[in-house]
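Because the structure is predicted, anything quoted here is derived from the model rather than measured. Residue numbers start from 1 in every chain, and the chains themselves are labelled A, B, ... in the order their sequence lines are given, proteins ahead of strands.
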There are 2 protein chains.
Amino acid sequence: MEDKFLKSAGEELRRKGYKLTGPRLAIISYLAGEKGHPDMQEILEGLRSEYPAIGMATVYRTVDLLLELGILRAVTLKNNHLRYEVNRSGDHHHHLVCRGCGQIIEFGSCNFQLMAREIEKVTRFRIEEHSLEAYGLCPHCLPGSEDHSTEKI
Amino acid sequence: MEDKFLKSAGEELRRKGYKLTGPRLAIISYLAGEKGHPDMQEILEGLRSEYPAIGMATVYRTVDLLLELGILRAVTLKNNHLRYEVNRSGDHHHHLVCRGCGQIIEFGSCNFQLMAREIEKVTRFRIEEHSLEAYGLCPHCLPGSEDHSTEKI
DNA sequence: CTATCTGCAAAGATTTTGCAGCGTA
DNA sequence: TACGCTGCAAAATCTTTGCAGATAG
């Protein structure tokens, strides 16, 4: 399953005429195996163990390329910088961000399509994609619980 | 109406023990009178005419303060940096971002509340706020029209 | 009057770019 | 083999901080 995503990402690179290099594979497989939503710095650090020679410039260039190809997706969960996740097809989800511990929960249910059709009728805009984040408090951080601020972003 | 927002923003500052200074008023009234969604640089430039002596550091510090107080709100419309708008109470809206010309249309209809209650039941999260952006093509940029890339962000 | 706020300039981060050598196709 | 890709280091941006003088309350 992880294999399948990696394989198709590799094919997508090839198809568009890009080379399938070590850093590219390393970044894709790191993000594919990652539960959280790392930022550029965290991606670099996460790769160091498997790929000690990699440089920051390569991370920037590679992530930008993978975003363009739709292999990755950017999200702004903490309202001040960008984080990244793999863009598995058929995996339409949104984020629940806890303001207590920073934990992010993904949720899949989304009835925006109905709303979208309505908005398109009124505005004549063609809606192709959307993103939705909800902010609040997770069960641990609700008043009456202790702070468990060690969760994965 | 613009007056009312400015007045209540000023009161909010005072109430929390902050001073009502020139730069603060200038930034609030600039953003209150602005249709678009300027970023830090654009706020600075927009203020220069009315307040030529203002410095970038003050813009950063002031915008951060006004965000904390809830007088402003940050949005990431172009997926790579933050833009700001005034946070008028009772003005719950989202953004339609055109990938052709960059224009942003605000829309108000939003039935997320129903979805939120459902998600809260399942996750035990308490949802306090949410943000939603939809991306696509505006009527001008749909195939068959010319590019009018001069719209306000 | 006093504590806060501002502008400036310097420091610190973050992101981009140029280039010589490496590695994939 | 050839061209694209990488790592490094430098450059360009963007953001934060320290401080002395200005200013709101």
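As a whole-Å value, the separation of A:L25 CG from D:dC5 P is 13 Å. In this structure, the CD1 atom of A:I27 is 12 Å from the C1' atom of D:dC5, given to the nearest Å. B:L65 places its CG atom 15 Å from the C1' atom of D:dA24, with the value rounded to the nearest Å. A straight line from NZ of A:K19 to P of D:dA2 spans 12 Å, rounded to a whole angstrom. Regarding A:L82, its CG atom lies at a distance of 15 Å from the P atom of D:dC14, rounded to whole Å. Distance, B:L20 CG to D:dT23 C1': 12 Å, rounded to whole Å. If you measure from atom CG of A:L13 to atom C1' of C:dT24, you get 13 Å, rounded to the nearest angstrom. Atom pair A:K16:NZ and C:dA25:P shows a separation of 17 Å (rounding to whole Å applied).
A salt bridge is absent between B:R14 and B:E11: the closest approach of a Lys/Arg side-chain nitrogen to an acidic carboxylate oxygen does not fall below 4.0 angstrom. Under 4.0 Å is where a charged nitrogen must lie from a carboxylate oxygen, and between A:E129 and B:R99 at least one such pair does. Ion pair A:R48/A:E45 not flagged as a salt bridge, since none of the NZ, NE, NH1 or NH2 atoms sits closer than 4.0 Å to an Asp/Glu carboxylate oxygen. Between A:E120 and A:R124 there is no salt bridge, since none of the side-chain N atoms of the basic residue sits less than 4.0 Å from a carboxylate O of the acidic one.
B:M115 CE to B:N111 CG: the interatomic distance, rounded to the nearest 0.5 Å, is 8.0 Å.
Here D:dT6 is the nucleotide among C:dA25, D:dT6, C:dT6 with the atom lying nearest to any side-chain atom of A:P23. For B:Y18, taking side-chain heavy atoms from C-beta onward, the closest of the listed nucleotides D:dT6, C:dT6, C:dC5 is C:dC5.
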If a protein heavy atom is under 4.0 Å from the base, mark B; if only from the sugar-phosphate, S; if neither, -; do that for nucleotides 11-17 of chain C going 5' to 3'. ---SSBB
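DNA chain C is contacted by both A:G22 and B:T21; B:T21 maps to the nucleotide lying nearer its 5′ end (nearest heavy atom per residue).
Looking only at side-chain heavy atoms (C-beta outward), B:H37 and B:R73 stay at 4.5 Å or farther from each other.
For the pair A:T58 and D:dG7, the criterion of a side-chain N or O lying under 4.0 Å from OP1 or OP2 is met.
Under the 30°/60° scheme for interplanar angles, the aromatic rings of B:H94 and B:H130 are found to be tilted.
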